[in-house]
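Take a look at the structure set out below.
Note that this is a predicted model, so its numbers are computed, not measured. FYI, side chains are in, hydrogens and waters are out, and symmetry mates aren't considered; it's all heavy atoms of this structure.
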There are 2 protein chains.
Amino acid sequence: MPSDQTRTAILAAAERLYAERGFGDVTLRDIVAEANVNLAAVNYHFGSKDELIAELFVTRSLALNKERLRELREAEEAGAGRADIAAVLRALVGPTLRGCLGPENQRSTPARFMIRVSIESVPAIRRIRNREIDHLRKFIAAMRRSLPDRGDVELYWGLHFALAMAQQTVRDSERLAKLSEGRCDVDDVDDVIARVVGVAVMALTGAKTDGRVPEKLAAR
Amino acid sequence: MPSDQTRTAILAAAERLYAERGFGDVTLRDIVAEANVNLAAVNYHFGSKDELIAELFVTRSLALNKERLRELREAEEAGAGRADIAAVLRALVGPTLRGCLGPENQRSTPARFMIRVSIESVPAIRRIRNREIDHLRKFIAAMRRSLPDRGDVELYWGLHFALAMAQQTVRDSERLAKLSEGRCDVDDVDDVIARVVGVAVMALTGAKTDGRVPEKLAAR
DNA sequence: TTGCATTTCAAACGTTTGTATGAAACTATC
DNA sequence: GATAGTTTCATACAAACGTTTGAAATGCAA
């Protein structure tokens, strides 16, 4: 069995650097310096730089999808098969928002890496991204169960807008903070989630809700 | 007076290539080939690659802001100083959406270039982007006039979400098209604008509207 | 220990990048 | 049409990049 100590160090270092500085200006030499391994190690263990990026993306993508689906299942069980639409949307945008916002020290590198992916879109990743569609379809199905009288087109737009608001909030939280002179608190993760979900629910139903987690669920 | 024929050719070629393929993989040699000028011309006329990008961005940024403000002024005049909130938001997101969506042949290179800027965020541009805040503040002011009983924090979030939905729609219209199997028509620009504005208005007021241009205005 | 496979390492390779150079071509003024 | 200023051009340059190489080091079974 091959020792994968070096492999793991490279993956961790690469993810950290990509999350921080983006793909554009992180070189293999940066990565191996951060990981304290030899330059040739990347090509030895992964074949090429692109394959390293691809492996990182696939791993994190599967993990994010899994967490989203876990929360979705939880929501559907709580609603006896017909989840509250707000809960479905929380399962969709919650994992990303929780991982990327909040106090500096508790933001997760994986979540910030995934945001980089959504920002920069390098060729190595663009080729694999198709599986995302199938994943999102599961959420469309859940939304359909939750709002059976809405047309599919409305559901697509609702999901699209929910993801848009969530992603843009992580991507450009700085601009919002500057614009509002700090009065929009993007570190209050629960508030941000409630806002995004609230607006998305209104987009889908026309009714006003606050998008917050109901007491009975939030208590657990 | 120096002839700026070469200058103009370079600017046009660079904008086209950047809009199409992004900053990441467009080299100076690509640009001069497209513009049919010598390699050294870029450094002669612009000083460096970064200064070329910066000039492009500043030009287009000013033009976009100008068009937005023109539509905003039009909306405020139509409302006698107190514009309909939907009209304010249309002035904000309309120019970008109209330039980037719709039939292939009528999409504008400048608009697609600006979207690239918002996607990739190269260092050369990140340094200049601060002026954007001041521009957005003018829209906040207009929104405040339009909805005087809303708190500023709500206005900030509303503007943020409106821009988020608009930008994500242009950035990833392909995913929405695939997800919906073509049933969300992102080429119907007026419909997209109405949806984005409609949701943003609901986010701001809690009331449902269709976000469409009122007949009396649409007729002009 | 011996022998073999795996892993590390320093060094180099071939490209590609943005930029610099100096001569040639062009333009306009006198 | 000679001169000075501007622009073009082929070419070169140094730096940075991902990748390759072959030898040294290491791990492990016999």
Side-chain angles (χ1 to χ4, degrees), chain A residues 1-58 113 116-117 120-128, chain B residues 1-58 113 116-117 120-128:
Chain A
M1 191 182 72
S3 146
D4 50 4
Q5 195 168 333
T6 304
R7 247 185 89 93
T8 316
I10 292 173
L11 283 171
E15 183 169 40
R16 214 164 0 181
L17 289 178
Y18 285 144
E20 269 176 29
R21 319 208 309 243
F23 299 101
D25 40 43
V26 171
T27 71
L28 279 189
R29 285 169 175 83
D30 292 333
I31 295 172
V32 299
E34 177 89 357
N36 276 313
V37 301
N38 186 270
L39 173 61
V42 172
N43 288 278
Y44 177 76
H45 285 280
F46 297 91
S48 71
K49 190 193 187 188
D50 279 1
E51 290 175 83
L52 165 62
I53 295 182
E55 174 160 338
L56 261 177
F57 173 66
V58 169
F113 170 81
R116 279 292 174 189
V117 170
E120 293 200 22
S121 164
V122 295
I125 285 178
R126 212 171 311 147
R127 283 191 291 271
I128 326 176
Chain B
M1 190 182 73
S3 146
D4 50 4
Q5 195 167 333
T6 303
R7 248 186 88 93
T8 316
I10 292 173
L11 283 171
E15 182 169 40
R16 211 163 358 173
L17 289 178
Y18 285 144
E20 269 175 31
R21 318 207 310 243
F23 300 100
D25 39 44
V26 171
T27 71
L28 279 188
R29 285 168 175 82
D30 292 333
I31 294 171
V32 299
E34 177 88 358
N36 276 313
V37 301
N38 186 270
L39 173 60
V42 171
N43 287 279
Y44 177 77
H45 285 279
F46 297 91
S48 71
K49 189 192 187 189
D50 279 1
E51 291 175 82
L52 166 61
I53 295 182
E55 173 159 341
L56 261 177
F57 173 66
V58 170
F113 170 80
R116 280 291 175 188
V117 170
E120 293 199 22
S121 163
V122 295
I125 284 177
R126 211 171 311 148
R127 284 191 289 270
I128 326 176

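- In this entry the distance linking CG of D25(A) with C1' of dT17(C) reads 15 Å, nearest Å.
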Practice task
If a protein heavy atom is under 4.0 Å from the base, mark B; if only from the sugar-phosphate, S; if neither, -; do that for nucleotides 9-19 of chain D going 5' to 3'.
Solution key: BBBB----BBB
Practice task
Applying side-chain contact (heavy atoms from CB on, under 4.5 Å), run through V117(A) and Y18(A) and close with a yes or a no.
Solution key: CA-CA 9 Å; V117(A) 170; Y18(A) 285 144; over 6 Å; no
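- Rounding to whole angstrom units, CZ of residue F46(A) and P of dT20(D) are separated by 16 Å.
- R7(A) places its CZ atom 10 Å from the P atom of dT7(C), with the value rounded to the nearest Å.
- With rounding to whole Å, D4(A) atom CG is found 13 Å from dT6(C) atom C1'.
- Following rounding to the nearest Å, E51(B) (CD) and dT19(C) (C1') show an atom-to-atom distance of 12 Å.
- Regarding F23(B), its CZ atom lies at a distance of 17 Å from the P atom of dT17(C), rounded to whole Å.
- Contact annotation: the side chain of F46(B) approaches that of R7(B) to within less than 4.5 Å [non-hydrogen atoms, C-beta and beyond].
- Using the six-membered ring where Trp is involved, F113(B) and F23(B) have ring planes that are perpendicular, over 60° apart on the 30 and 60° scheme.
- With rounding to whole Å, Y44(A) atom OH is found 15 Å from dT26(D) atom P.
- For the pair S48(A) and N43(A), the tightest heavy-atom approach, listed with the atom from each and the gap, is CA-OD1, 3.8 Å.
- Considering only side-chain N and O atoms, H45(A) lies under 4.0 angstrom from the phosphate OP1 or OP2 of dT8(C).
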Exercise for the section: With side-chain contact (heavy atoms from CB on, under 4.5 Å) as the test, would you mind laying out the steps for V37(A) and H45(A) before giving the verdict? Expected result: CA-CA 12 Å; V37(A) 301; H45(A) 285 280; over 6 Å; no
Practice task
Start with the C-alpha distance between D25(B) and D30(B), add both sets of side-chain angles, then the distance that settles side-chain contact (heavy atoms from CB on, under 4.5 Å), and finish with yes or no.
Solution key: CA-CA 9 Å; D25(B) 39 44; D30(B) 292 333; over 6 Å; no
